[in-house]
Novice: 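Let me begin by handing over the structure; questions about it come next.
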Amino acid sequence: MQNKTEILSKAKQLLAMHNKGLLGGKEMPEDENPGLDKLSAENLLYFTLPMALNYQRNSYKLWEAANKTYADPETKNVFNPVAVLKMSAMELRKALTKHKVALQPNKHPEIWRTLCHTFSHVPIDQFLKNLDFDIEKIKSHIQKNKKVFPYLSGPKILNYWLYVLGNYTEFQFKNRQHITIAPDTHVIQASVRLGLLEESETTRGDVREYVASLWENLLADESIMPIDVHTPLWLWSRGGFVRLIG
């Protein structure tokens with residue numbers, strides 16, 4: 001790691017540039033949505049079910065597919081957990097692959113069905129309410145019950161999912177500081193570029209958790225929360241690392 005003060009200064013520059021719109025990102029992947037009631041269970045499910053399939057794929061194309069799937073009368077029911085459980089495996093596969101929200105015809109529908117099974121027993125809004133909309137409690141519960149929250153329980157997706165719920169719903173989540181940065185390829189490469197991570201460390205088996213811990217430690221005494229730097233880092237890398245200013 002390079003000088004901590006220098007890295008922190010660069011991170012703050014990135015945040016400032018992002019706030020001024022200098023990193024692009026006027027449209028984020030999740031902006032592709034049907035504009036549902038922000039306090040509805042339906043809206044929560046829209047930003048939850050596709051999120052579990054957001055692994056090693058283009059996020060913009062995923063959410064574009066999700067929005068098309070929701071808008072299509074023939075496929076909209078996949079966002080209704082009770083309706084999903086009544087579908088045959090073939091029906092669910094056909095609906096999820098029609099607009100390519102599911103790319104893996106067997107694995108992705110099974111992940112989707114498992115989550116629908118989970119939220120058919122306890123509706124998603126009630127699930128969050130039962131945990132006091134407390135980020136720490138939600139993360140702890142999901143990580144202790146990974147089998148019923150496939151892929152959503154992974155460190156990258158879990159933290160980013162909670163970040164998205166905070167941004168695209170109007171529910172008031174507590175203990176937001178427990179949303180750690182969600183390291184994907186772009187965030188990892190941006191961390192290397194800033195000097196927080198060595199290029200040789202990117203091959204670590206636990207690189208995502210390691211990068212999250214590095215950011216958590218770097219920002220421990222700051223008012224900036226780790227998840228707040230996720231989007232600036234992501235955009236900076238995706239945009240080819242424009243020169244830092246300010």
Novice: Rounded to the nearest 0.5 Å, what's the gap from CG on L15 to NZ on K10? Could you check?
Specialist: 15.0 Å
Novice: Heavy atoms, side chains only, cut-off 4.5 Å: are V242 and L22 in contact?
Specialist: no
Novice: Nearest 0.5 angstrom please: Q177 CD to I224 CD1, how far?
Specialist: 15.0 Å
Novice: Please check if the number of heavy atoms outside K68 that lie under 6.0 Å from its NZ is greater than 12.
Specialist: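 Not more than 12 within 6.0 Å, no.
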Novice: From L233 CG over to F241 CZ, what is the distance, rounded to the nearest 0.5 angstrom?
Specialist: 9.0 Å
Novice: How far apart are the closest heavy atoms of S200 and T203, and which atoms are they?
Specialist: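 Distance-wise, the nearest heavy atoms are O-OG1, 3.2 Å.
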Novice: Quick one: CH2 on W234 to CG on L14, what's the gap to the nearest 0.5 Å?
Specialist: 14.5 Å
Novice: Can V187 and S237 be said to form a side-chain contact (heavy atoms from CB on, under 4.5 Å), step by step?
Specialist: CA-CA 7 Å; V187 171; S237 173; over 6 Å; no
Novice: Are the side chains of D228 and R176 in contact, using a 4.5 Å heavy-atom criterion?
Specialist: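 Yes. Closest side-chain heavy atoms under 4.5 Å.
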Novice: Would a hydrophobic clustering, with Ile, Leu, Val, Met, Phe, Trp and Tyr connected at side-chain separations under 4.5 Å, put L36 with L128?
Specialist: yes
Novice: Do Y70 and E42 have side-chain N/O donor and acceptor atoms under 3.5 Å apart?
Specialist: yes
Novice: For the pair D184 and R238, find out whether any cationic side-chain nitrogen is under 4.0 Å from an anionic carboxylate oxygen.
Specialist: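 Salt bridge flag = no for R238 with D184.
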Novice: Examine distances only and state if a side-chain atom of T114 and a backbone atom of E110 form a donor-acceptor pair shorter than 3.5 Å.
Specialist: yes
Novice: For the residue pair F149 and H141, does the interplanar ring angle fall in the parallel (under 30°), tilted (30 to 60°) or perpendicular (over 60°) class?
Specialist: perpendicular
Novice: Are F173 and I124 linked, directly or through intermediate hydrophobic residues, by side-chain heavy-atom contacts shorter than 4.5 Å (ILVMFWY only)?
Specialist: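 Same cluster.
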Novice: Just checking, is any N or O donor in the side chain of W161 or T48 under 3.5 Å from an acceptor N or O on the other one?
Specialist: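 Yes.
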Novice: For the pair E201 (side chain) and E198 (backbone), establish whether a donor and an acceptor sit closer than 3.5 Å, ignoring hydrogens and angles.
Specialist: yes
Novice: Can you check whether V78's main-chain N or O pairs, donor with acceptor, with W112's side chain at less than 3.5 Å?
Specialist: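 Checked: pair present.
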Novice: Tell me whether D125 contacts the main-chain N or O of L39 through its side chain, where contact means a donor paired with an acceptor under 3.5 Å.
Specialist: no
Novice: May I ask you to decide if the ring planes of F47 and W63 are parallel, tilted or perpendicular, using 30° and 60° as cut-offs?
Specialist: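 Because their plane-to-plane angle lies in the 30° to 60° range, the rings of F47 and W63 count as tilted.
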Novice: Could you tell me the separation between the CE atom of M17 and the CH2 atom of W236, rounded to the nearest 0.5 Å?
Specialist: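 It comes to 8.5 Å.
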Novice: Any sub-3.5 Å donor-acceptor pair from N33's side-chain atoms to D31's backbone N or O?
Specialist: yes
Novice: Knowing that exactly one of H108, M51, K107 qualifies, which makes a side-chain contact (heavy atoms from CB on, under 4.5 Å) with Y151?
Specialist: K107
Novice: Would you indicate whether the side-chain heavy atoms of Q104 and Y55 approach each other to under 4.5 Å?
Specialist: no
Novice: Counting only heavy atoms from other residues, nucleotides and ligands, does the tally under 6.0 Å from CD of E74 exceed 12?
Specialist: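 Open.
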Novice: Which atom pair, heavy atoms only, marks the closest approach of A95 to T75?
Specialist: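 Closest heavy-atom pair between A95 and T75: O-CG2, 3.5 Å.
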Novice: Before you tell me yes or no, could you show the steps for K139 and T180 under side-chain contact (heavy atoms from CB on, under 4.5 Å), namely the whole-Å CA-CA distance, both residues' side-chain angles and the distance that decides it to 0.1 Å?
Specialist: CA-CA 11 Å; K139 288 179 67 173; T180 61; 4.1 Å; yes
Novice: Answer yes if M90 and V84 sit in the same cluster of Ile, Leu, Val, Met, Phe, Trp and Tyr residues linked by side chain heavy atoms under 4.5 Å apart, and no otherwise.
Specialist: no
Novice: Would M28 and N167 satisfy side-chain contact (heavy atoms from CB on, under 4.5 Å), going step by step from the backbone distance to the final call?
Specialist: CA-CA 11 Å; M28 294 301 290; N167 286 351; over 6 Å; no
Novice: How about P29 and L62: do any of their side-chain heavy atoms sit closer than 4.5 Å?
Specialist: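 A side-chain contact is absent here, since even the closest heavy-atom pair is not under 4.5 Å.
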Novice: Keeping Y60 on the side-chain end and E32 on the backbone end, is there a donor-acceptor pair under 3.5 Å?
Specialist: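 Not a single qualifying donor-acceptor pair exists.
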Novice: What class does the angle between the rings of F133 and F171 fall in, given that below 30° is parallel, 30 to 60° is tilted and above 60° is perpendicular?
Specialist: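 Ring orientation of F133 relative to F171: parallel.
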Novice: Between the side chains of D134 and N175, does any donor sit under 3.5 Å from an acceptor?
Specialist: yes
Novice: Do I179 and P226 have side chains that get closer than 4.5 Å, going by heavy atoms?
Specialist: no
Novice: Verify the cluster assignment for M225 and I7: are they in a single hydrophobic cluster under the rule of side-chain heavy atoms below 4.5 Å apart?
Specialist: no
Novice: Check whether any side-chain heavy atom of C116 sits under 4.5 Å from a side-chain heavy atom of L49, and report yes or no.
Specialist: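 Counting from C-beta outward, C116 and L49 do come under 4.5 Å.
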Novice: Which heavy-atom pair separates S191 from V211 by the least distance, and what is that distance?
Specialist: OG-CG1, 3.7 Å
Novice: Do any N or O atoms from the side chain of N145 and from the backbone of V148 form a donor-acceptor pair under 3.5 angstrom?
Specialist: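 The answer is no, because no donor-acceptor pair under 3.5 Å joins these two groups.
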Novice: Hey, what do you get for CG (L219) to CD1 (I227), rounding to the nearest 0.5 Å?
Specialist: 11.5 Å
Novice: Heavy atoms only: give me the nearest N159-H178 pair and the separation to one decimal.
Specialist: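 In terms of heavy atoms, the two residues are closest at OD1-O, 3.8 Å.
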Novice: R113 and side-chain contact (heavy atoms from CB on, under 4.5 Å): which single residue from L85, T118, L96 fits?
Specialist: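 The single option meeting the side-chain contact (heavy atoms from CB on, under 4.5 Å) with R113 is L85.
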Novice: Donor-acceptor pair, distance only, cut-off 3.5 Å: does the side chain of N67 make one with the backbone of E64?
Specialist: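 No: the side chain of N67 does not pair with the backbone of E64.
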Novice: Counting N and O atoms only, with roles assigned by atom type, does the side chain of S9 sit under 3.5 Å from a partner on the main chain of T5, one being a donor and the other an acceptor?
Specialist: no
Novice: With distance as the sole criterion, is a donor-acceptor pair present between the side chains of N130 and K137 under 3.5 Å?
Specialist: no
Novice: Is a donor on one side and an acceptor on the other found under 3.5 Å between the side chain of N80 and the backbone of A83?
Specialist: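 Such a contact is found between N80 side chain and A83 backbone.
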Novice: Heavy atoms only: give me the nearest V101-L53 pair and the separation to one decimal.
Specialist: O-CD1, 3.4 Å
Novice: Apply side-chain contact (heavy atoms from CB on, under 4.5 Å) to residues Q189 and E199 and explain how you reach the verdict.
Specialist: CA-CA 8 Å; Q189 287 305 312; E199 183 68 47; 3.9 Å; yes
Novice: So for atom CZ, which belongs to F127, do other residues, nucleotides or ligands contribute more than 12 heavy atoms lying within a distance under 6.0 Å?
Specialist: yes
Novice: At their closest point, which heavy atom of T97 faces which heavy atom of P105, and how far apart are they?
Specialist: CG2-CA, 4.4 Å
Novice: Parallel, tilted or perpendicular: which describes the rings of Y160 and H230, with under 30° parallel and over 60° perpendicular?
Specialist: tilted
Novice: For atom CG of D37, decide whether the heavy atoms of other residues, nucleotides or ligands shown that lie under 6.0 angstrom number more than 12.
Specialist: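 Correct, the count exceeds 12.
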Novice: Give a yes or no on whether M87 and V82 share a hydrophobic cluster (residues Ile, Leu, Val, Met, Phe, Trp, Tyr; joining criterion: side-chain heavy atoms under 4.5 Å apart).
Specialist: no
